[in-house]
Colleague: 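Handing you this structure, nothing more for now.
Side-chain atoms are counted along with the backbone in the values below, which use heavy atoms only and exclude waters and symmetry mates. Order of the sequence lines fixes the chain letters, A, B, ..., with proteins taken first and strands second; residue numbering starts at 1 for each chain.
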Amino acid sequence: MSGIRTRFAPSPTGYMHIGNLRSALYAFLFARKNGGKFVLRIEDTDRDREVAGAVAIIYDTLRAVGLYWDEGPDVGGAFGPYVQSERKALYSLHAGRLIKSGHAYFCFCTKEELDARRDACAARNEAFKYDKHCLRLSRHEIDARMAAGQPFVIRQNIPASGQTTFRDLLFGSITVDNATLDDNVLVKADGMPTYNFANVVDDHLMQISHVMRGMEYLSSTPKYNLLYEALGWEIPRYIHMPPIMKDTTHKLSKRTGDVSFQDFIAQGYLKEAVLNYIALLGWSPGDDREKFTLEELIEAFDIKGMSKSPAIFDGAKLHWLNAAYIRALPENAFTAYARPYYQQAGIAAMDETILAAILRQRVEVFSQIPGMVAFLRQMDENYDSALFTNKKSKTDITTSHTVLEAVLPALESLPKFDRQTLQDCLLGYAEKMGMKNGAVLWPVRIAVSGRMVTPGGAIEILALLGREESLRRLRLGLAKLTV
RNA sequence: GACCCCUUGGUCAAGCGGUUAAGACACCGCCCUUUCACGGCGGUAACAGGAGUUCGAGUCUCCUAGGGGUCACCA
């Protein structure tokens, strides 16, 4: 037992952002690599932002990519409950301790009053900081206001002077003046703790040894440490992680396009590829490896390989990685993923083995399939006969006409219409005529597809279309060349 | 604006005082070839700028610039 415990603590706000997934992944990898535990905690203290079904999305996504948690709302554990809204008593208990020791105080300032003061500051171009107005309230006054039912919050009482230093395993030692810190709200008027407070309490109570979270918390970490100290708790190790960017100046966000894990899956990305790609966005194994299974990631993971600067999401590279994963798929797995798209394209009845053979090397994202194979279902019969002319294959209108005319009856009388038979027939004809294979296959492919570029060659397309449709298209091509 | 952090090719990145400054994606060229793709080979392209420290700096220090983050009864 190494005692290492990490956690992933998402808010149930709707979908799984790719950046959050990466945070979960790193926390998971760090725990697994070091023989520690990975905890899942739901941070639902903001009831206004809560979205129904969001917790299920978190569970489903994590499970889909293999990020199983050792403790969590559904699996339990020794430090539950693992849902913050169910831990209110714990927060009140420790908030009370803070009040008693003077590290926190009741505040009755209303939102309106605060907004007014904030606006005033903005007008003077000054940074707003709560002025500890309510810290001066006497016990008497506090009791009276509470008795009168006046709503209140609990604020952290930050020392007015001095400095606070903390160590981050990635960023090193960071020191800030306490004077720059604000007396943040710890417990809201509705009795719910804020992130600032719930996090400290939960991370301590759940014995989290390494707090891994987004860099946006870097500047508020000193405040958390002040809380740990006030509560007499050991400060955990911190690992703040830089964000994933859309470009140099914008974070990857909903507005910039697809950012949720499910968006990528819906587009035809493989979950393994997405996970592999984001693992590499902000972390490097230190060597040249790029394809990793989850097990391999666990083995290779080391926070020393983590980057301190934000990484820009590169859709092209994800595309490439996804294509690499697709190419490595066994035929049956490829077909299982592709089948819905075959149906969508109306070619579900065609030979899946041939389809897999020609598509697997070409598809980068499954959603490209319908567009790639549409011509099999329905070709554009008004294609330009100029397509028959190709210098490299040494074809032109005349040679194409000759080839189609000769090949048509041969194919018509073929005993079988499978790839082997078709190949013997077509290549045999080329050999007999002393022609390049391409000189024969080019016009045939153009005639049966009507397209300059096709996935697969003439033989595969013929086999896929079957004798009747193939011959129909070949006759059409011949007619076009005869005109 | 104040405070904190970051800065190697277009992108992800290796490097951790001495290297011809890796590799991958993307891009370009060639080869293979039944078009495209795959695959193979090759190429273009980087240490933000300026001062130091040092025999020697992408690597250490400082400054400048640029970028990010925080400054909520959101997390």
Colleague: Which nucleotide in the list C73(B), A24(B), A75(B) gets nearest to the side chain of Trp320(A)?
Modeller: A24(B)
Colleague: CG of Asp182(A) versus P of C3(B): gap in Å, rounded?
Modeller: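 My rounded result for the distance is 16 Å.
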Colleague: Please confirm whether Phe313(A) and Tyr277(A) have ring centers closer than 6.0 angstrom.
Modeller: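 Ring centroids of Phe313(A) and Tyr277(A) are less than 6.0 Å from each other.
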Colleague: Please tell me if Lys188(A) has a side-chain N or O lying less than 4.0 Å from either OP1 or OP2 of C74(B).
Modeller: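 So the side chain of Lys188(A) is within the cut-off, an N or O lying under 4.0 Å from OP1 or OP2 of C74(B).
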Colleague: For nucleotides G49(B) and A57(B), find the distance between their C1' atoms and express it as a whole number of Å.
Modeller: 16 Å
Colleague: Would you call Lys317(A) and Asp314(A) a salt bridge, taking side-chain N to carboxylate O under 4.0 Å as the test?
Modeller: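 Salt bridge: no.
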Colleague: Describe the nucleic acid contact of Gly214(A) in one word from base, sugar-phosphate, nothing, applying a heavy-atom distance below 4.0 Å.
Modeller: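 Here Gly214(A) touches no strand at all.
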Colleague: Regarding Arg49(A) and Asp44(A), does a basic nitrogen lie under 4.0 Å from an acidic carboxylate oxygen?
Modeller: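 Between Asp44(A) and Arg49(A) there is no salt bridge, as every charged N stays at least 4.0 Å from the carboxylate O atoms.
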Colleague: Rounded to whole angstroms, how far apart are CG on Asn20(A) and C1' on C74(B)?
Modeller: 13 Å
Colleague: Can you measure Gln368(A) atom CD to C36(B) atom C1' for me and round it to whole angstrom units?
Modeller: 13 Å
Colleague: Have Thr421(A) and Asp418(A) got a donor and an acceptor in their side chains that come within less than 3.5 Å?
Modeller: yes
Colleague: CZ of Phe292(A) versus P of A24(B): gap in Å, rounded?
Modeller: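 Distance check: Phe292(A) CZ to A24(B) P gives 15 Å.
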Colleague: Considering every strand and a 4.0 Å limit on heavy-atom distances, what is the contact class for Thr454(A): base, sugar-phosphate, or nothing?
Modeller: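 If one applies the 4.0 Å heavy-atom cut-off, Thr454(A) turns out to touch a base.
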Colleague: At under 4.0 Å between heavy atoms, what does Ala458(A) touch on the DNA or RNA strands: base, sugar-phosphate, or nothing?
Modeller: base
Colleague: How far, in whole Å, is G43(B) from U34(B) if one measures between their C1' atoms?
Modeller: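 These two C1' atoms come out 28 Å apart once rounded.
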Colleague: In whole angstrom, give me the gap between the C1' atoms of G58(B) and G1(B).
Modeller: 33 Å
Colleague: Salt-bridge test for Asp183(A) and Lys129(A): reply yes if a basic N is under 4.0 Å from a carboxylate O, no otherwise.
Modeller: no
Colleague: At a heavy-atom distance below 4.0 Å, what parts of residues 236-244 of chain A sit against RNA chain B?
Modeller: none
Colleague: Quick one: Arg22(A) CZ to C12(B) C1', roughly how many Å, whole number?
Modeller: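 Roughly 12 Å, once rounded to whole Å.
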Colleague: Could you identify the nucleotide paired to U61(B), looking across every strand shown and requiring Watson-Crick or G-U wobble geometry with both distances under 3.5 Å?
Modeller: A51(B)
Colleague: Tell me yes or no: between the side chains of Lys223(A) and Asn184(A), is some donor less than 3.5 Å from an acceptor?
Modeller: yes
Colleague: If I pick the C1' atom on G69(B) and the same atom on G50(B), what distance separates them, to the nearest angstrom?
Modeller: 26 Å
Colleague: Taking atom P of C3(B) as reference, at what distance in whole Å does atom CZ of Phe166(A) sit?
Modeller: 17 Å
Colleague: Which residues satisfy the ring pair (Phe, Tyr, Trp, His ring centres under 6.0 Å) test with Tyr224(A), sequence neighbours excluded?
Modeller: none
Colleague: Name the nucleic acid region contacted by Tyr217(A), choosing base, sugar-phosphate or nothing; use a 4.0 angstrom heavy-atom cut-off, strictly under.
Modeller: base
Colleague: Relative to the 5' end of RNA chain B, which residue comes earlier, Met306(A) or Arg49(A), by the nucleotide with the nearest heavy atom?
Modeller: Met306(A)
Colleague: Is there a donor and acceptor pair, one atom on the side chain of Arg445(A) and one on the base of U34(B), closer than 3.5 Å?
Modeller: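 No such pair is found, so the answer is no.
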Colleague: What's Cys109(A) touching, base or sugar-phosphate or nothing? Going by heavy atoms closer than 4.0 Å.
Modeller: base
Colleague: With the side chain of Thr194(A) defined as its heavy atoms from C-beta on, choose the nearest nucleotide among A75(B), C6(B), U35(B).
Modeller: A75(B)
Colleague: Taking the P atom in each of C25(B) and U33(B), what is the distance between them to the nearest angstrom?
Modeller: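 Each nucleotide's P atom is 23 Å from the other's.
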Colleague: For a quick check of understanding: with a heavy-atom distance under 4.0 Å over all strands, which category does Val185(A) fall into, base, sugar-phosphate or nothing?
Modeller: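 Result for Val185(A) = sugar-phosphate.
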Colleague: When we call it a touch if two heavy atoms are under 4.0 Å apart, what does Ala311(A) touch: a base, just sugar-phosphate, or nothing?
Modeller: sugar-phosphate
Colleague: So Ser449(A), base contact, sugar-phosphate only, or nothing? Heavy-atom distance under 4.0 Å.
Modeller: nothing
Colleague: Quick one: does Tyr26(A)'s side chain have a donor or acceptor within less than 3.5 Å of a partner on Ala279(A)'s backbone?
Modeller: yes
Colleague: Please measure how far the P atom in G18(B) lies from the corresponding atom in U61(B), and state the result in whole Å.
Modeller: 16 Å
Colleague: Look at Ser309(A) and G67(B) and indicate whether a side-chain polar atom (N or O) is within less than 4.0 Å of OP1 or OP2.
Modeller: no
Colleague: Using heavy atoms to find the nearest nucleotide of RNA chain B for Gln361(A) and Ser307(A) separately, return the residue whose nucleotide is more 5′.
Modeller: Ser307(A)
Colleague: Under 4.0 angstrom, heavy atoms only, what part of the nucleic acid is Arg327(A) near: base, sugar-phosphate, or nothing?
Modeller: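 Sugar-phosphate, no base atom in range.
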Colleague: If I pick the P atom on G52(B) and the same atom on C71(B), what distance separates them, to the nearest angstrom?
Modeller: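 After rounding to an integer number of Å, I get 41 Å for this pair.
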Colleague: Decide yes or no, distance alone: a donor-acceptor N/O pair under 3.5 angstrom between the base of U70(B) and the side-chain of Lys223(A).
Modeller: no
Colleague: Give the rounded distance in Å between these two atoms: CZ of Phe313(A) and P of A26(B).
Modeller: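 Distance, rounded to whole Å: 14 Å.
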Colleague: Are Glu86(A) and Lys88(A) ion-paired here, with the side-chain N under 4.0 Å from a carboxylate O?
Modeller: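 Looking at Lys88(A) together with Glu86(A), the answer is no, because their closest N to O distance does not fall below 4.0 Å.
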Colleague: So what does Lys129(A) hit on the nucleic acid, given a heavy-atom distance under 4.0 Å: a base, only sugar-phosphate, or nothing?
Modeller: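 Nothing, no nucleic acid heavy atom in range.
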Colleague: Between U34(B) atom P and Ile446(A) atom CD1, what is the distance in whole Å?
Modeller: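 Taking atom P of U34(B) as the reference, CD1 of Ile446(A) is at 15 Å.
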Colleague: With a non-hydrogen cut-off below 4.0 angstrom, is Arg118(A) in contact with a base, only sugar-phosphate, or nothing?
Modeller: sugar-phosphate
Colleague: Counting just side-chain N and O atoms, does Lys317(A) come under 4.0 Å of either OP1 or OP2 of U11(B)?
Modeller: no
Colleague: Would you indicate what Ile459(A) reaches in the nucleic acid, counting non-hydrogen atoms under 4.0 angstrom: base, sugar-phosphate, or nothing?
Modeller: base
Colleague: Is there a donor-acceptor contact under 3.5 Å linking the side chains of Gln156(A) and Asp182(A)?
Modeller: no
